[in-house]
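Below you'll find the structure, written out as structure tokens, and then a few comments.
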Amino acid sequence: MKTILMAEFSDIRFDGRVLKQAETLSKNGYHVKLIMYNSDISKIINEKDLNVTKVHLPYKNRYATKNIIKKLVRVFSTIKILYHYFSKILFTKSDYYHAHNFFIGWMLYFSSKIHKGKFIYDAHELIWDETNRILKFGRFIERVLIKKSDLSICPSSYRSEILSKYYKLKEKPLVIPNYPKIKNLEMNDLLRRELNLNNNAVVLYYSGMLSVKDRKQDNVIKSLSFVDNNIVFVIIGFGHENEINYLNQIAKELGLNDRVRILPPQKNTNLLHYTKGADIGVSLLDQKKLFNQYHALNKFYEYVSAGLAVLTSKSPQFEDDLFNNGIGCIGAMCDENDIYDIAKK
């Protein structure tokens, strides 16, 4: 049986794209070893599920931001977990080495050379217009990795075109979209029961990473003041403590505590049941950034596959998704920075 070593710097419980790929490969004759972190554990856990071996690396301080001590602890935790990644990856012999970003990708590339395996680079994001110094430096690493790869992959045709032009690739990356597999998932009242909502409640729903700067959850909360009182905003996600505290603070100041519910993250398999019980999926992104204009969000496609109407920002990719899909209009676009437009749409 051919072996694949797959690693990503994200939480092993919640990264839908990586988990879907590992599961699909395992069902098609490959043994997959998946190395990722888990922000809820204190020691390394090895888990075997059919042909997938999951290695959970502890990273409890991933989102600690309350004070300088916690921030310093997070720095030391990051150094420690990078050592774990490096040691696990470098000493694993495999037929294929599947990287999901530059951050861990260079380790997989070196290991593929040492053990003479094939190297696959999966370009999740478009990073070169980011101001973050790590990401700005990362584009130089990514340029090397994507050109050295035996196969490059990305999640949308738009991104494949852009990556190809930016890095001057001889061949465009293979497109494997972030479409979820949802079969026999029935309508349910899971969200309403757990939150004790009445039957008239309309559930506005966001799942995934909390990021006020990029994903505008704060503006959605502010827009609730201008819509019917039966509309409730439910967030299921993970993020830094200060992000969660900020969103709760806005809801409190506006008197919207009973209409804004922030729930802890769910495993990807459980999450779809919550998604199916919502009414409108929220997918707002800061359109100043290139990678947001040409999104490839797991959660957006989960909303669509679960039958939700979707509220999005205005972008070429969202326009195609909402209106040029062969089915008909499945949502509305708005200005993510205009709370009145969000409320109107």
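No hydrogens, no waters, no symmetry mates; every other heavy atom, side chains included, goes into these values.
Distance alone, capped at 3.5 Å, places no donor-acceptor pair between the Thr312 side chain and the Ser283 backbone. A donor-acceptor pair under 3.5 Å is absent between the side-chain atoms of Ser149 and the main chain of Ile120, judged by distance alone.
Summarising the local packing, CZ of Phe226 is surrounded by more than 12 heavy atoms from other residues, nucleotides or ligands at distances under 6.0 Å. For Phe323, the CZ atom counts as densely surrounded, since its 6.0 Å shell holds more than 12 non-hydrogen atoms of other residues, nucleotides or ligands.
Contact annotation: the side chain of Ser207 approaches that of Tyr303 to within less than 4.5 Å [non-hydrogen atoms, C-beta and beyond]. No side-chain heavy atom of Pro173 sits less than 4.5 Å from a side-chain heavy atom of Ile153.
Proximity of the aromatic rings of Phe300 and Phe318 is defined here by a centroid distance below 6.0 angstrom, and this criterion is met. Aromatic rings from Phe86 and Trp106 are positioned such that their centres are separated by under 6.0 Å. Taking the six-membered ring for Trp and the full ring otherwise, the centers of Phe233 and Tyr206 sit at least 6.0 Å from each other. Ring centers of Tyr97 and Phe119: at least 6.0 Å apart, outside the cut-off.
Among all heavy-atom pairs drawn from Leu308 and Gly281, the shortest one is CD2-N, 3.6 Å. Taking each heavy atom of Ile162 and Tyr294 in turn, the nearest pair found is CD1-CD1, 3.5 Å.
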